[in-house]
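Take a look at the structure set out below.
One-based numbering along the sequence shown. What you see below is based on every heavy atom in this structure, not just the backbone, and it leaves out hydrogens, waters and symmetry mates.
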Amino acid sequence: MKVLMIAPAAWSPDGHDNFDAAEKLLEESDLVVLPELAGSRLPRAEYLERVSGLARRAGAYVVGGSHYDAVEGGSVNRGVVADPAGRVVAEYEKAHPYGVEHRAGVLPGRPSRTFELAGRRVRVLVCADLWYSARLAAPVDAVLVPAFSVTQWDSPEPSRALWRHMSVARAYEFMTYVAVSDWEHGASYHGAPCAGVTGFADPYPARPAEYHVRGAGVRVMDFERLDALRADRAGRGFVS
């Protein structure tokens with residue numbers, strides 16, 4: 001399965017602008033992952049329409065980043081997955097709002113659930129939710145992470161290193177692919193700069209340098225190779 005990680009150059013408070021930018025970055029793939037808050041504060045109906053439209057245009061499954069959906073007492077950071085026909089096939093929410101979200105009244109969402117995509121078990125974790133390994137207790141074949149890596153560092157490198165190590169650790173420990181889509185460095189959210197941590201972690205690469213590949217673009221999730229890794233580790237007793 002070919003997964004495309006989208007990393008727009010700038011974030012706009014107008015979610016329509018963000019989806020317009022994402023459309024220009026489409027490449028041939030089976031699955032597209034948008035970054036967190038691609039929908040900004042679009043009303044739910046408009047957000048769903050944009051995700052579904054993007055999926056139809058791409059002819060692929062689309063993980064629609066997220067948007068702030070207004071609820072009683074605040075908002076929830078949530079998103080949907082649409083199939084190539086534009087039908088919503090899964091929903092997810094951010095369980096651990098982070099940093100500026102607390103001050104903005106963003107409420108914790110429900111923990112995401114595993115769903116099936118093209119016969120494989122997939123889970124979407126929004127940004128900081130990747131930091132909580134309990135979210136991956138059930139076996140999954142791919143973890144898809146819409147992110148907005150706002151950082152307090154003067155340089156993006158510390159955050160990039162943390163995300164790289166975390167992605168590889170999750171991929172190897174849980175024998176799963178990890179695909180992170182983030183905004184490019186230079187984008188910002190209410191004055192907080194983004195580190196630009198888009199990347200892909202492979203638990204069983206052909207070359208050691210490919211345990212993690214940074215940057216946007218299309219990567220391949222070879223599920224037969226993943227199954228072979230699991231069989232090999234089970235045969236050596238290297239399972240919990």
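- Ion pairing between Glu36 and Lys94 holds under the 4.0 Å rule for side-chain N and carboxylate O.
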Just list the side-chain donor-acceptor pairs under 3.5 Å for residues 63-73, sequence neighbours left out, or say none.
from, atom 1, to, atom 2, distance (Å)
Ser66, OG, Leu37, N, 2.9
Ser66, OG, Asn77, OD1, 2.7
His67, ND1, Leu42, O, 2.9
His67, NE2, Arg44, NH1, 3.0
Tyr68, OH, Glu101, OE2, 2.8
Asp69, OD2, Arg78, NH1, 2.5

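- Of the possible polar contacts, one joining the Ser40 side chain to the Pro13 backbone as a donor-acceptor pair under 3.5 Å is found.
- Rounding to the nearest 0.5 Å gives a distance of 9.5 Å between CE of Met175 and CD of Glu173.
- Summarising the geometry of Tyr211 relative to Pro203, their closest heavy-atom pair is CE2-O, 3.8 Å, with the distance given to 0.1 Å.
- The two residues His212 and Ser167 come nearest to each other via the heavy atoms CD2-CB, 4.2 Å.
- Ionic pairing of Asp227 and Arg120 is present here: one or more N-O contacts between side-chain nitrogen and carboxylate oxygen are shorter than 4.0 angstrom.
- Proximity of a side-chain donor or acceptor of Asn18 to a complementary backbone N or O of Ser12 within less than 3.5 Å is detected.
- Because its NZ or CZ atom is both nearer than 6.0 Å to the ring centre of Tyr172 and within 45° of the ring axis, Arg233 counts as a cation-pi partner of that residue.
- Other residues, nucleotides and ligands contribute over 12 non-hydrogen atoms within 6.0 Å of the CZ atom of Arg236.
- Salt bridge Asp222/Lys2: absent, no basic N to carboxylate O contact under 4.0 Å.
- Between the side chain of Thr198 and the backbone N or O of Ala7, no donor-acceptor pair lies under 3.5 Å.
- For Arg50 and Asp20, the salt-bridge test passes: some basic side-chain N is under 4.0 Å from an acidic carboxylate O.
- Using modelled atom types, one side-chain atom of Tyr47 and one backbone atom of Val80 make a donor-acceptor pair closer than 3.5 Å.
- Taking both residues in full, the closest heavy atoms of Ala147 and Trp163 are given as CB-CH2, 3.9 Å, listed atom of the first, atom of the second, then distance.
- When all heavy atoms of Ser29 and Val32 are compared, the closest pair comes out as OG-CG2, 3.6 Å.
- In summary, Glu116 and Arg121 do not engage in a salt bridge, as defined by a charged side-chain N under 4.0 Å from a carboxylate O.
- By the 6.0 Å contact criterion, CD on Glu49 is open, its count of non-hydrogen atoms from other residues, nucleotides or ligands being 12 or less.
- Note: Asp141 CG to Leu117 CG = 10.5 Å, rounded to the nearest 0.5 Å.
- Remark: Arg219 is not positioned above the aromatic ring of Phe200, lacking an NZ or CZ atom under 6.0 angstrom from the ring centre and at most 45 degrees off the axis.
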